[in-house]
Peer 1: 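The structure is given below, and queries will be raised subsequently.
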Amino acid sequence: MGAMEDEVRLIRADLEEIEELDGPCELLRGRLEGTPVVLAKCGIGKVNAALAASAMVQAGATSIVFTGVAGAVASELGIGDVVVGNKFSQHDADDTAFGNPIGIIPGEPPFWEPNPDLSAAVLDALRELEEPRGHQVVAGPIVSGDQFIAQAEKVAWLRATFGASAVEMEGAALAQAASHLGVPFAVVRILSDSADGDAVADFPAFLNDAAHRGRDLAHALAKQAPRT
Ligand code: ADE
């Protein structure tokens, strides 16, 4: 799954035996490295990610990997580094009026965790691809909300409140949906900006680089997946 055209276009270009499916977003079935895959371009935001997760499972997906870009939150990470989510929260969920901490949705767990085996496989593949290129690859908390963050004060708040490594707009919604659907998931985010005053300029300048790196990861994962 990706949210934007640049997050999926090169993966789509490499798909074979493409079949277009009806769904709430662009949804394709095909083969990558001989492995059957479903590719979804979900669109931006939490609701779109949740809808796409459901549609992908209906289309036969047995695990879901999101690849895309995010803003850096951890101070030791910078543009080009890669975060694989190990904990997901929705920073814009607010039930504090009823005494819950910020980020909690009543009836939902305090945060979501990805499938450990899938995340470990994704981390291994990324380390092989990205470390020789000079990029850090880390496992860390990802926070999501229906907000593009472009303010240093908000970044400091996300770091202090959630211990976040990266901020984006879909991962925690995929996490919530995948946990309800019972499907393993992982989220990979290549850092396109620092979610500060420069983010609006940095973000579009980085998308082409992210597109190539997302494609490389998709190929590496498809090569090791069961070929049924
Ligand atoms: N995706 C990439 N950069 C982002 C940011 N700064 N805020 C939210 N989502 C993003």
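As the structure lists them, so they are numbered: ligands from 1, and atoms in each ligand from 1. Excluded from the calculations below are hydrogen atoms, water molecules and symmetry mates; all remaining heavy atoms, backbone and side chain alike, are included.
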Peer 1: If you compare all heavy atoms of S89 against all heavy atoms of P110, which two are closest, and at what distance to 0.1 Å?
Peer 2: OG-O, 4.3 Å
Peer 1: When you look for protein heavy atoms under 4.0 Å from ligand 1, which residues do they belong to?
Peer 2: V69, A70, G71, Q147, F148, I149, V167, E168, M169, S192, D193, A195, F203
Peer 1: Where do P114 and A186 come nearest, in terms of heavy atoms and distance?
Peer 2: CB-CA, 4.5 Å
Peer 1: Under a 4.0 Å threshold between the charged nitrogen and the carboxylate oxygen, would E5 count as salt-bridged to R9?
Peer 2: no
Peer 1: Output yes when D216 and R133 qualify as a salt bridge under the 4.0 Å nitrogen-oxygen rule, no when they do not.
Peer 2: yes
Peer 1: Sequence neighbours left out, what passes side-chain hydrogen bond (donor to acceptor under 3.5 Å, both in side chains) with D117? Give chain and number order.
Peer 2: none
Peer 1: Would you say the side-chain atoms of Q147 and K154 include a donor-acceptor pair closer than 3.5 Å?
Peer 2: yes
